[in-house]
Amino acid sequence: MSERIQAPRGTQDVLGEQAVARAELEHRAHAVLDAAGYARIETPAFEATELFARGVGESTDVVQKQMYTFSDAGGRSLTLRPEGTAPVCRAYLQHGMARLPQPVKLWYLSSFFRYERAQAGRYRQFWQVGAEAIGSDDPAVDAETILLLAELLEELGVRARLRLGSLGTLDARNRYRERLASHLHAHAAELSAEVRERIDANPLRAFDSDHAGTRAVTARAPKLLDALDPDDVEHFAAVRALLDDAGLPYDVDATLVRGLDYYTRTVFEFDSPQLGAQSGVGGGGRYDGLIEALGGLPTPGCGFAAGAERILLAGENVPLPTATVDIYVGYTNPDRRRTAFALALAARRAGLNAQVELAGRSLKGQLKHADRIGARLLALVEAEATALKEMETGEQVTLGDDAVVAEALRRR
Ligand code: HAM
């Protein structure tokens, strides 16, 4: 026997109950997002590398360390998508969606790829449910996307706390970056090597560090939230007022920075205590400069994404639908296989969930199998007629082959 091949590290097979739970997640995401007028979008699994370099930002961990980038046989540099916002914005431009009523509201449930240290809740291929509203800078868009994610998490039994911040416009942020960078330079000796090396490239990431010295320095650093322009202050206040009206609690977090460079103004993250180290179950924010960075006219946007695996890890008490088998069709003699097969097809056409004997089991084996799959009715095709049996009560009738489907429907 040759050696067995395993799935790559950090990837998962989705099967059994996990597959059922995931279908349920999709079903509920559909219901929540449809109700708010979001339309489904699917973008390709790979894109031009340039899209993420420009969209997500050259100095981010995602672009520097985590992308699966390869050249195809035609010599193009392609990248497996590490996130969904840049691809959706690319699609918005490519399909001229600026002509549609704004904002254009789109949602996705797709797989994403990041080369990360694999552990519970952190994978190299993972799924996100996400939503993007492109074309309006109204604070109601920010509040609505946050509330939709909150509703989705609640629907799926995830208890999570919302942290909320504002990064201001790119101008305000650039001014602030300089002040922060000089504060970090002044205390460079106390910082972790990683943060120290990137003071000029990406000083805001210092707020993400677990390093004790770095944390002490950032605790005394000027805060972006105190350095916002008046327009941004007003925008943030309007978002908070809408969340207050909706009764959604949150903590304002002046140090909330996200790992992607495109954010402006509102940023948010939902953390779930059930998740341990990988506590971020979902997050997002506004990205008013992204479409322009991708070659479009200045166009605001805002959205969220939540990890499907993390939602399912953190979710509790979500009743899962159980598959029912209305009827299992077996036969006593191989001569009757064709009749049994046709009967199962007819039962499905009539709307029943029907399975047919597929493995040439003995009669005893078929009875056991019908029980094991939880069939409600067993149809046993015999020489002249078919015996229809209620599995639970054992009650049995003998019918002509033509009458079986109607009788099964009557008993449903
Ligand atoms: P993100 O924070 O990078 O944002 O990812 C969103 C969520 O995806 C995280 O909160 C987490 O639940 C999940 N996630 C990320 N990486 C992994 C991983 N390696 N394994 C498992 N789950 C993971 C974004 O991707 C933005 N595009 C969100 C957004 C949409 N912003 C605006 N619109």
Side-chain angles (χ1 to χ4, degrees), residues 9-10 56-67 82-83 114-124 126 158-168 172-228 236 249-264 266-285 305-307 309-310 313-314:
R9 207 178 149 69
V56 173
E58 293 277 11
S59 67
T60 57
D61 276 356
V62 170
V63 170
Q64 286 200 341
K65 303 187 197 157
Q66 299 178 345
M67 295 208 304
E83 63 97 50
R114 294 183 193 176
Y115 188 79
E116 295 205 69
R117 214 155 16 92
Q119 53 185 275
R122 195 201 271 163
Y123 310 101
R124 292 180 177 170
F126 57 96
V158 179
R159 280 185 291 114
R161 184 81 193 161
L162 170 61
R163 287 187 295 137
L164 188 64
S166 176
L167 303 178
R173 183 140 104 246
N174 286 339
R175 268 182 275 125
Y176 167 78
R177 273 169 72 122
E178 282 171 27
R179 283 177 57 207
L180 176 63
S182 38
H183 175 83
L184 297 176
H185 277 302
H187 299 90
E190 299 159 57
L191 301 173
S192 74
E194 200 187 356
V195 169
R196 190 164 50 235
E197 277 158 24
R198 289 166 61 186
I199 294 183
D200 293 311
N202 200 348
L204 277 114
R205 290 313 298 266
F207 287 109
D208 263 357
S209 174
D210 295 332
H211 178 261
T214 306
R215 290 181 80 97
V217 174
T218 53
R220 301 193 307 271
K223 298 288 179 301
L224 178 51
L225 207 53
D226 303 325
L228 299 183
F236 191 43
Y250 54 84
D251 296 319
V252 171
D253 183 346
T255 66
L256 178 60
V257 284
R258 309 238 326 119
L260 313 161
D261 265 1
Y262 48 62
Y263 291 112
T264 54
T266 312
V267 284
F268 56 91
E269 224 161 80
F270 283 86
D271 296 316
S272 169
Q274 289 116 306
L275 285 176
Q278 307 301 316
S279 66
V281 67
E309 292 83 359
R310 291 193 193 171
L313 275 173

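The basis for the numbers below is simple: all heavy atoms, side chains too, and nothing from hydrogens, waters or symmetry mates.
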Of all heavy-atom pairs between [X] and [Y], which one has the smallest distance, and what is that distance?
{"X": "G165", "Y": "L256", "answer": "N-CD2, 4.0 Å"}
{"X": "L260", "Y": "Y263", "answer": "O-CD1, 3.4 Å"}
{"X": "V281", "Y": "A160", "answer": "CG1-CB, 4.2 Å"}
{"X": "R179", "Y": "A227", "answer": "NH1-CB, 3.7 Å"}
{"X": "R196", "Y": "L191", "answer": "NH1-O, 3.0 Å"}
{"X": "L180", "Y": "A221", "answer": "CD1-CB, 3.8 Å"}

So do [Y] and [X] actually touch side chain to side chain, heavy atoms under 4.5 Å?
{"X": "K65", "Y": "Y115", "answer": "no"}
{"X": "Q66", "Y": "P82", "answer": "no"}
{"X": "L224", "Y": "F207", "answer": "no"}
{"X": "Y176", "Y": "L204", "answer": "yes"}
{"X": "V195", "Y": "V217", "answer": "no"}

Roughly how far apart are [X] [atom1] and [Y] [atom2], rounded to 0.5 Å?
{"X": "L184", "Y": "R205", "atom1": "CG", "atom2": "CZ", "value": "13.5 Å"}
{"X": "R173", "Y": "D261", "atom1": "CZ", "atom2": "CG", "value": "7.0 Å"}
{"X": "E269", "Y": "L164", "atom1": "CD", "atom2": "CG", "value": "11.5 Å"}
{"X": "D200", "Y": "E178", "atom1": "CG", "atom2": "CD", "value": "10.0 Å"}
{"X": "D61", "Y": "E194", "atom1": "CG", "atom2": "CD", "value": "6.5 Å"}
{"X": "S272", "Y": "R310", "atom1": "OG", "atom2": "CZ", "value": "10.5 Å"}

For the pair [X] (side chain) and [Y] (backbone), establish whether a donor and an acceptor sit closer than 3.5 Å, ignoring hydrogens and angles.
{"X": "T218", "Y": "A206", "value": "no"}
{"X": "R175", "Y": "L228", "value": "no"}
{"X": "R215", "Y": "S209", "value": "yes"}
{"X": "R114", "Y": "V62", "value": "no"}
{"X": "R159", "Y": "Q274", "value": "no"}
{"X": "R198", "Y": "P203", "value": "no"}

Output yes when K223 and D226 qualify as a salt bridge under the 4.0 Å nitrogen-oxygen rule, no when they do not.
-> no

State whether R161 and D253 are salt-bridged, where the test is any N-O pair (Lys NZ or Arg NE/NH1/NH2 against Asp/Glu carboxylate O) under 4.0 Å.
->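 D253 and R161: not salt-bridged.
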
Aromatic ring pairing H183/H187, orientation class (parallel under 30°, perpendicular over 60°, tilted between) = tilted

More than 12 non-hydrogen atoms from neighbouring residues, nucleotides or ligands closer than 6.0 Å to CZ on R220, yes or no?
-> yes

Can you tell me if OH on Y250 sees more than 12 non-hydrogen neighbours from other groups inside 6.0 Å?
->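 Yes, the 6.0 Å shell around OH holds more than 12 heavy atoms from other groups.
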
Report the residue from L225, V267, V252 that forms a side-chain contact (heavy atoms from CB on, under 4.5 Å) with S166.
-> L225

